[in-house]
Amino acid sequence: MKPARTRFAPSPTGFLHVGGVRTALFAWLLARQSGGQFILRIEDTDKAREVVGSIEHIQESLDWLGLAWDEGPTKQSDRLDIYRQWAQKLIDAGRAYADPYSPEELQALRDKARTEKRPFLFRDHRPENPPEWDGSRPLRFRSEPKPYKWHDAVMDDLETGPEVVDDFILIKSDGYPTYNFAHIVDDSEMGITHVLRGQEFLASVPNYLNLYEALSVPPPIFATMPHILGPDGNKKLSKRDGAKDILDYRQDGYLPEAMVNFLATLGWNDGSEQEVFDTEELVKKFSLDRVQKNGAVFDERRLLWLQGEHVRKLDLAKLYKLVADFWPKEAFAEKYDDSYRLQVLKLVQERLKFFAELPDLTRFFFVDLPIDPELISSHKQLKKLSATELKSLLEQTKSTLAISDFSVADLTERLNGLLEKTGQKPAVLFSLIRIATTQAPASPGLADTLAVLGKDRSLERIDRQIDAL
RNA sequence: GGCCCCGUCGUCUAGUGGUCCAGGAUAUCUGGUUCUCAUCCAGAAGAUCGCGGGUUCGAAUCCCGCCGGGGUCACCA
């Protein structure tokens, strides 16, 4: 495969959500797998919609996901001269003219078309003698309508009639180019080979094709990405409908690898039954022709599952570094050093999904939780026992554990002995000890948990439970 | 309304004329792993392949029509 030069060209109007990020990911994948370049370009030609800080936010998002760009960020607002030069070429060739209408006049024409249920075409209203373009009016492309057939790397062969080609605006009256014009100039100057973009641009492609011809510029390969749909399954996922900032997932403690895996397999698969991919594999295996044509519903539960898969594959030391900011604050008391936290983490690794869950999963390893009578009174076996019986069991546990060295092996052996001695089922005895020593609705295995908690603390907590009964 | 795109289990998908009365994953439910949660393992349920015609010995796969959903028709991208 020849080196692909791809770009991600967001407008700085806020944060990035999964839809935009997936397009960026696919473009990045394409560049990486072919030994090409991935370029970041900021489409900041709409000053009114610009949101300060978005450019940094976008870069931070790509950084987090590991989508490093080789060139950029280039801002279109720094290239106004270039667009003007290209526009001049079109004017000289008679392919661009000043738009004489006022916004009100234009709106009236549109409304009329609407009431007549006709599509509005500007070229039906081309002025006979357009004024000279002095920059104070919009500059329009003089299209040459014709039918088009083209190939899209995702959508395959597409065609349209001449009725969709129209005179669109190249340069706005504020001097900024429109996306429709600027991106074509930039893609050409930057040598972009593959243009990946959302489905919302599909209807504009014939216009672009017409402009490419007027400019004598060969069009790149088009790849139209289907939309990512909201949970209701029929609407494009959008910020307005609650699509989250991709960095919110970092905040919640998702792994970028999991997010990348999730996004890549949302609308793409390699034809095998593999579901879990690391980024390196994706770089090798990704291909545009296996991208789905239809939209895919964004289902966070699938992300959660993939997150679990990736967390479990991580080695402990690496995971430890990643969760550094997510511990409950109690974990940083003096008596808890790295080695203690590491022991705790080892026990919760297989039940940890996103890292923001860490505090709830581990708090009892660091602090004595208040006695929760509910844990016993709502336990289907324990609630049948009297306080006296429970106390007796805990007393026996105490004397048994008092002589344990609290290694996992020794604890296991002694707990088993206790089962025989008391004639209780694990469901009763172990549940009771677990509740007494953790006061938590769930915990890792009993022997493991006790070993990490240590003898003093375990016995102390059993005492507290006895007193509370 | 015109034009364009799409339509397989709830969800992500495999499938390009026969090995598919449709496979995997996830989600759900059940059972097992000496306790809970999770993991892991086993199993259940879940898709008349949007609908209707046609072509063919044979169609999820090809053709036509219809229906449904989406996009677009901005001095937004």
Side-chain angles (χ1 to χ4, degrees), chain A residues 9-11 13 43-46 48-49 99 101 103 106-107 110 113-122 137-140 152 155 158-161 163-164 166 168-180 182-183 197-206 224 226-227 229 231 233-236 262 265-276 292-302 304-306 308 312 347-353 361 375 379 381-382 412 415-416 419 424-435 438 440-447 449:
Chain A
S11 59
T13 53
E43 311 248 315
D44 59 341
T45 57
D46 185 353
R49 293 204 317 153
D99 174 350
Y101 295 100
L106 212 46
Q107 194 51 48
R110 282 208 180 87
R114 227 247 276 261
T115 47
E116 289 168 6
K117 301 210 166 191
R118 285 184 299 114
F120 174 77
L121 280 174
F122 189 92
R137 300 168 188 278
L139 183 72
R140 276 191 192 266
D152 184 287
M155 297 293 176
L158 301 170
E159 58 183 302
T160 51
E163 67 282 349
V164 298
D166 197 15
F168 57 91
I169 290 180
L170 300 168
I171 301 207
K172 299 179 270 183
S173 57
D174 64 2
Y176 284 90
T178 58
Y179 165 84
N180 295 329
H183 90 273
R197 69 194 4 148
Q199 219 179 32
E200 63 271 26
F201 293 100
L202 201 51
S204 304
V205 171
T224 299
H227 284 142
L229 276 16
N234 56 17
K235 252 171 90 188
K236 174 187 157 188
F262 172 68
T265 51
L266 193 60
W268 173 86
N269 72 83
D270 72 344
S272 75
E273 287 181 351
Q274 185 173 353
E275 308 274 348
V276 181
Q292 208 77 7
K293 289 183 191 171
N294 52 306
V297 173
F298 175 81
D299 186 353
E300 245 179 55
R301 288 176 302 185
R302 189 177 161 78
L304 197 61
W305 167 69
L306 280 168
R312 270 172 258 127
L347 295 191
V348 298
Q349 178 167 15
E350 71 181 19
R351 49 211 101 205
L352 181 64
K353 292 260 168 54
L361 246 30
L375 290 173
H379 190 284
Q381 315 247 32
L382 294 177
T412 306
L415 288 168
N416 284 340
L419 283 177
Q424 288 294 351
K425 289 179 188 163
V428 171
L429 184 64
F430 288 2
S431 292
L432 178 60
I433 302 172
R434 198 180 55 71
I435 288 168
T438 66
S443 76
L446 185 56
T449 302

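Protein chains get the first letters and strands the later ones, always in sequence-line order, with residue 1 at the start of each.
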Query raised in the report: With sugar-phosphate meaning primed atoms plus P, OP1 and OP2, does A:G267 contact a base, only sugar-phosphate, or nothing at under 4.0 Å between heavy atoms?
Result: sugar-phosphate

Requested in this report: Remember a base hit wins even if backbone is also touched, and classify A:R312 as base, sugar-phosphate or nothing at under 4.0 Å, heavy atoms.
Outcome: sugar-phosphate

Query raised in the report: How about A:P177 and A:T45: do any of their side-chain heavy atoms sit closer than 4.5 Å?
Result: yes

Query raised in the report: Under 4.0 Å between a side-chain N or O of A:R110 and OP1 or OP2 of B:rA74?
Result: yes

**Report entry** Same-atom distance (P) from B:rG69 to B:rU8, integer angstrom
**Finding:** 15 Å

**Report entry** Interatomic distance where CD belongs to A:Q107 and C1' belongs to B:rA74 [whole Å]
**Finding:** 9 Å

Requested in this report: Output all residues satisfying side chain to side chain contact (heavy atoms under 4.5 Å, CB included) with A:R302, sequence neighbours left out; order by chain, then residue number.
Outcome: A:F262, A:T265, A:E275, A:W305

Query raised in the report: Taking atom P in both B:rA22 and B:rA44, what distance in whole Å separates the two?
Result: 14 Å

Report task. Can you sort out the partners of A:K425 under salt bridge (Lys or Arg N to Asp or Glu O under 4.0 Å), two or more places apart, ordered by chain and number? Result -> none

Query raised in the report: Between B:rC75, B:rC35, B:rA74, which one does the side chain of A:K172 approach most closely?
Result: B:rC75

Identify each atom pair where a protein N or O and an N or O of nucleotides 67-69 of chain B are less than 3.5 Å apart, giving names and distance.
none

Requested in this report: With the side chain of A:L419 defined as its heavy atoms from C-beta on, choose the nearest nucleotide among B:rU34, B:rC35, B:rG23.
Outcome: B:rU34

Query raised in the report: Mind checking what makes ring-ring contact (aromatic ring centres under 6.0 Å, His included) contact with A:Y179, not counting sequence neighbours?
Result: A:H183, A:F201

Query - By side chain to side chain contact (heavy atoms under 4.5 Å, CB included) - contacts of A:E300 (at least two apart) - result: A:K244, A:Y249, A:F298, A:L303

Requested in this report: Give one of base, sugar-phosphate or nothing for A:H227, where a contact means two heavy atoms less than 4.0 Å apart.
Outcome: sugar-phosphate

Query - Listed partners of A:R312 passing salt bridge (Lys or Arg N to Asp or Glu O under 4.0 Å), at least two apart - result: A:E309

Query - Short side-chain N/O contact to B:rA25 OP1/OP2 from A:T265, under 4.0 Å - result: no

Query - Pairwise C1' distance for B:rC21 and B:rC40, with rounding to whole Å - result: 33 Å

Report task. Quick one: label A:T115 by what it contacts on the DNA or RNA (base, sugar-phosphate, nothing), any heavy atom closer than 4.0 Å. Result -> nothing

**Report entry** CG-OG1 distance between A:D152 and A:T224, expressed to the nearest 0.5 angstrom
**Finding:** 3.5 Å

Report summary line: RNA chain B nearest-nucleotide lookup for A:L361 and A:I169: closer to the 5′ end is A:L361

**Report entry** Counter-base of B:rU72, judged by Watson-Crick or G-U geometry with both distances under 3.5 Å
**Finding:** B:rG2

Query - From CA spacing to verdict: side-chain contact (heavy atoms from CB on, under 4.5 Å), A:L446, A:I433 - result: CA-CA 8 Å; A:L446 185 56; A:I433 302 172; 4.0 Å; yes

**Report entry** Non-neighbouring partners of A:D166 that pass salt bridge (Lys or Arg N to Asp or Glu O under 4.0 Å), sequence neighbours left out
**Finding:** none

Report task. Would you please confirm or rule out a distance under 4.0 Å between OP1 or OP2 of B:rU13 and any side-chain N or O of A:N269? Result -> no

Requested in this report: Remember a base hit wins even if backbone is also touched, and classify A:L446 as base, sugar-phosphate or nothing at under 4.0 Å, heavy atoms.
Outcome: base

Query raised in the report: NA contact type, A:T45, heavy-atom cut-off 4.0 Å: base, sugar-phosphate, or nothing?
Result: sugar-phosphate

**Report entry** Base partner of B:rC67, which must satisfy Watson-Crick or wobble distances under 3.5 Å
**Finding:** B:rG7

Requested in this report: Starting at atom CZ of A:R197, determine the distance to atom C1' of B:rU72, rounded to an integer number of angstrom.
Outcome: 14 Å

Query raised in the report: How far does OH of A:Y176 sit from CG of A:D44, to the nearest 0.5 angstrom?
Result: 7.0 Å

Query raised in the report: When the C1' atoms of B:rA77 and B:rC66 are considered, how many whole Å apart are they?
Result: 35 Å

Query raised in the report: Which whole number of Å gives the distance between the C1' atom of B:rC6 and that of B:rA25?
Result: 23 Å

Query raised in the report: Do A:E275 and B:rG24 have a side chain to base donor-acceptor pair shorter than 3.5 Å?
Result: yes

Report summary line: Residues passing the side chain to side chain contact (heavy atoms under 4.5 Å, CB included) test with A:V164, sequence neighbours excluded, are A:T160, A:P206

Requested in this report: Let me know, please, whether A:R434 or A:D44 comes out on the 5' side of the other along RNA chain B by nearest nucleotide.
Outcome: A:R434

**Report entry** Pairing nucleotide - B:rA42, Watson-Crick or G-U, each distance under 3.5 Å
**Finding:** B:rU30

Query raised in the report: What nucleic acid atoms does A:L106 come within less than 4.0 Å of, heavy atoms only: base, sugar-phosphate, or nothing?
Result: sugar-phosphate

Query - Separation between CG of A:D99 and CG of A:L170, rounded to the nearest 0.5 Å - result: 11.0 Å

Query raised in the report: Does some side-chain heavy atom of A:V348 sit less than 4.5 Å from a side-chain heavy atom of A:R351?
Result: yes

**Report entry** Those residues that, when tested against A:D46, pass salt bridge (Lys or Arg N to Asp or Glu O under 4.0 Å) (two or more places apart)
**Finding:** A:R49

So which protein nitrogen or oxygen atoms get under 3.5 Å of nucleotides 2-9 of chain B's nitrogens or oxygens?
unit_1 : atom_1 : unit_2 : atom_2 : d
B:rC6  : OP1    : A:K293 : NZ     : 3.3

Query raised in the report: How would you label the contact of A:F168 with the nucleic acid (heavy atoms, under 4.0 Å): base, sugar-phosphate, or nothing?
Result: nothing

Report task. When you get a sec, tell me which of B:rA77, B:rU11, B:rU13 is the closest nucleotide to the side chain of A:A296? Result -> B:rU13

Query raised in the report: Between the base of B:rC37 and the side chain of A:S443, is there a donor-acceptor distance below 3.5 Å?
Result: no

Report task. Taking atom P in both B:rU61 and B:rU26, compute the distance separating them and give it to the nearest angstrom. Result -> 29 Å

Query - Nearest to side-chain heavy atoms of A:F430, which nucleotide of B:rC76, B:rU36, B:rU34 - result: B:rU34

Query raised in the report: A:S173 side chain: which of B:rC35, B:rC73, B:rC75 is closest?
Result: B:rC75

Report task. Using modelled atom types only, decide if a donor and an acceptor are shared between the side chain of A:H379 and the backbone of A:Q381 within a distance under 3.5 Å. Result -> yes

Report task. Taking side chain to side chain contact (heavy atoms under 4.5 Å, CB included) as the test, write out the residues that go with A:T178, two or more places apart. Result -> A:I169, A:K172, A:N180, A:F181

Report task. Classify the nucleic acid contact of A:N416 as base, sugar-phosphate or nothing, counting any heavy atom under 4.0 Å across all strands shown. Result -> base

Report task. Describe the nucleic acid contact of A:P444 in one word from base, sugar-phosphate, nothing, applying a heavy-atom distance below 4.0 Å. Result -> base

Query raised in the report: Using atom C1' of each nucleotide, how far apart are B:rC20 and B:rG15 to the nearest Å?
Result: 9 Å

Using the 3.5 Å cut-off, write out each protein N or O paired with an N or O of nucleotides 26-32 of chain B and the distance between them.
unit_1 : atom_1 : unit_2 : atom_2 : d
B:rA27 : O2'    : A:R301 : NH1    : 3.0

Requested in this report: Using a cut-off of strictly less than 4.0 Å, decide whether A:R351 has a side-chain nitrogen or oxygen near OP1 or OP2 of B:rC40.
Outcome: no

Query - Distance, C1' atom - from B:rA74 to B:rG65, rounded to whole angstrom - result: 35 Å

Requested in this report: Searching all strands shown, indicate the nucleotide that pairs with B:rC37 (Watson-Crick or G-U wobble; both distances under 3.5 Å).
Outcome: none

Report task. Give none if B:rU56 has no partner; otherwise give the nucleotide forming a Watson-Crick or G-U wobble pair with it, both distances under 3.5 Å. Result -> none

